[in-house]
Each structure stands twice: as structure tokens, then as C-alpha cells.
Amino acid sequence: MNERATLRLKTGRDRSLRRHHPWIMSGSVDRVLGDPQPGDTVVVVDEASRPMALASYSPHSSIRARVWAFDVQQSIDDGFVAARITAAAERRRHLGIADGDAVRLVFGEADGLPGLVADRYGSVVVFQITTVGIDRRRDAVVAALASLDGVHCVFERSDGDNRSREGLEPTTGVRHGSLPEPVWAHENGLRFHVDVEHGHKTGFYIDQRDSRRLVAEHSRDRAVLNVFGYTGSFSVAAARGGASSITTIDSSGPALLLAETNARANDVNIGDLVEADAFTELRSLRDRRASFDLIVLDPPKLANNPNQVDRATRAYKDLNLLALKLLRPGGLLFTYSCSGAVSSDLFQKVVAGAAVDANREAHIVRRLGQPADHPIPLHFPAADYLKGLMLLTLCRLDQEDVGYSWTSSMR
Ligand code: SAH
């Protein structure tokens, strides 16, 4: 190992680091002194060779290094990683996050652990490693997670595509204890089956906890449409909240089976399950003049990087336009983007454009986002990936009913 290699920044490229942003992009690096290997800890210095931070080196990634600590006297070892994990879990405990047992324990940079995510479902912790720096410390990660109160199983789900950028192979499996079957996420009096081995992310969308509660609160006697349903978690929440009817759309048959499992597990009826492409099905519902009182639009990440933002915004606009057309006056739209590359400003503009084209007026009655266990460091705004709007539609202008759309006539 070559722990003391140095990464020197170009002149004037130390500004974001001075504000404690934890990434050093390849374009900011003047030169690398020594011969650091992937995952080695390097000392980051400014143009005058003044030490600024200790960071983990990723020679194959455009994020060339990620900061472990701004105190350059710190030892970066297993004990350091274990202490950060314990502190992260402790913070969650003090936040008193959830009525339930599904909590994000570690959220990467927000917890000073770039490349590590860990979610807890009762006695099971599922973690994901995406960087070579933390990959080196896997044993310490497992031991620290296993030592948390009440944890009986630690499972690794390091199979995201982003690992290849760091030269890492996919790897999954039990790392401590044994995996109980089934695993459940308990939340606000509901429970959801967690497919730890194959489900999205670590098996469940913990990050929509607050929104599920809101949807439940607003579902009484409403006709609900849940688009991109996956686990059916929003449908189950709507059923528990007293929805008069529920329709769930997903293009994946297995996802709809999971939604059904979750409905049964909570002893609720979630109505119609429609296996279809959302874009096509929304158009067809529009053509059939269907209407709903509450719609949830929670698409998968449509932009994986800044190059995909244009295409993604077109898709977001299309979806929101169709959803707004399907809403009755006074209806509610819960609409989301989980694309980090799409800012909340941009997302709001896209939805506003969709409302104009749909000939609908709507108010933002709440802004929605990540819950408290997915905190956004002020110095690392990139952690702010989930943007949501709760919209109340005001009225339906009558032009559209005679087949006339002023927006299209103006183009
Ligand atoms: N709201 C969900 C999470 C959504 S994940 C929950 O509460 O669990 C995104 C879902 O969109 C996945 O289940 C995926 O199968 C589905 N999906 C992706 N592309 C789709 C498309 N074009 N049409 C319909 N569903 C799609």
C-alpha cells in the first residue's frame, strides 16, 4: 500500500473542497505524486502543496478521489469506517425517524462514507458498495453493521452498474448470519415484502415513506391511479386510507405479483393491476375518458447523467401532461423525479409546462422529497436526488372538451 501518495490540485481548483464538497473531479487534478493504487488513501494538497484532505483514490473514475476526512491527521483504517457507521446509525436513532423498522442507516457522502449505502429492515441490514475505497474496507463494514443492536443478518447487494466505473465486479450474498424468509419492511402500520436478493435498490423504496403516509391521508373515497407501482406500496397505502377504487400500472408482471402479495399481507384490496407500458396506458385511459381523484407518478430514474436530462425531461413532461388530463377538478397529483441530474427547479418547470399543455391549473400544495434518514448535506447538494410535488388541480377549462387546444394551435 502507498498510503501517503499525494494528489495536487490545479491552481484555483480548491474552492469546492474548501467548502467541504467531498469530490475531486479528474479535471481539477494537476498531478499525482507517488504511485497510489485504486482505493488507496491520498493526501489532497492545493497548488502550494498545503494539505487539505485525505481522500480515497479512484484512478478509473471521473470522480478521481472522494474525501474521507478534512483532518489530515486522521488515520483512515477499519476503526475509522466502523466509527462512522456507528455514528450514522446513532444519528438515525436520535431523529426518531419512522413508525416502523425500515430505515436508511448509511447514506454515502451524507454520512462521510462515499460509496456506501446501508438499509435496515428489522433485524436485516442490506448494504451496497459502489467505490473501490470502501470496497477495501468491506470486512470492517460488515463487522460494524453486524454489531448494531438487534441486527442478525448482513446482506450485500453490490450489483449496481456503477461499480464497473470503479473497476469492481458485482457481488451479492449473505455476509453475516442467515437471511430470514421473508423479510418485511414495517412502516406506519403497514408491512411490505422486501426482496433483498433481487429487488430494486436494497429491496424496497424506503425513501417514499413520507409520501406513502400522505397518500394514505388523502385517499379516502377517492379513485386512485398508481403509475409505476412496483411493490404496490402506494396502492396499499391508498387502500388503507380508504380509497374508493385503485388502479396500479407497471410494465413488469413480477412487480404486480409483488403488489398483490403486499395487498394480501396488509389485508387490503388494491383493485385493478394493469401490466402495461405507462406511456401507452395513460394515453389509452385518456382516450377512454377515464378520470381519477388522486394519481401517483413515481417513474424509475429517467436521467442517469447530465447527458440524459433532455430526453428525461421530455418523458417527465409527457407523463405529467397525461396524468393531469386524467385528474378530475380538485384532484391531487403526487409526481416525482428520482433523477439526481434533474434539479428541483427544472422538474417544477417541466411539470408547469405539462400543466399548460394539459390546459389545467394546479397549485403546489407541498414539496416532497427524501425523508430524514436520507439527509442532504448543505455542502453536498448532489445528495438531493428525490424531488416530488403534491399538486392540487383547480379547474378544467372547457376548450379541451370541444377538442380544441390553444397550446397546440400556438405552436
Ligand atoms: N412506486 C414504486 C417504485 C417505482 S420503481 C414503489 O412504491 O415501490 C419503478 C417501476 O416502474 C418499476 O416497477 C418498473 O417495473 C416500472 N416501469 C419502468 N418502466 C416502465 C414503463 N415504461 N411503464 C410502466 N412501468 C414501468
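In listed order, ligands and their atoms are each counted from 1. If you read the sequence from its start, that first residue is 1, and numbering goes on from there.
- Applying the ring-ring contact (aromatic ring centres under 6.0 Å, His included) definition to pairs two or more places apart or across chains, those involving residues 369-391 are His21-Phe380, Trp23-Phe380, Phe107-His374.
- Other residues, nucleotides and ligands contribute more than 12 heavy atoms inside 6.0 Å of the CG atom of Asp287.
- Inspection of the Arg367 and Gln348 side chains reveals an N or O donor paired with an N or O acceptor under 3.5 Å.
- Pairs of residues two or more places apart, or lying in two chains, that qualify as ring-ring contact (aromatic ring centres under 6.0 Å, His included) and include a residue from residues 337-357 are Tyr316-Phe347.
- In this structure His152 satisfies the ring pair (Phe, Tyr, Trp, His ring centres under 6.0 Å) test with no other residue, sequence neighbours excluded.
- Judged by a 6.0 Å distance limit and a 45° cone about the ring axis, Arg137 is not positioned over the six-membered ring of Phe80.
- Near ligand 1, residues His200, Tyr205, Phe228, Gly229, Tyr230, Thr231, Ser233, Phe234, Asp250, Ser251, Ser252, Ala276, Asp277, Ala278, Asp298, Pro300 come within 4.0 angstrom through at least one heavy atom.
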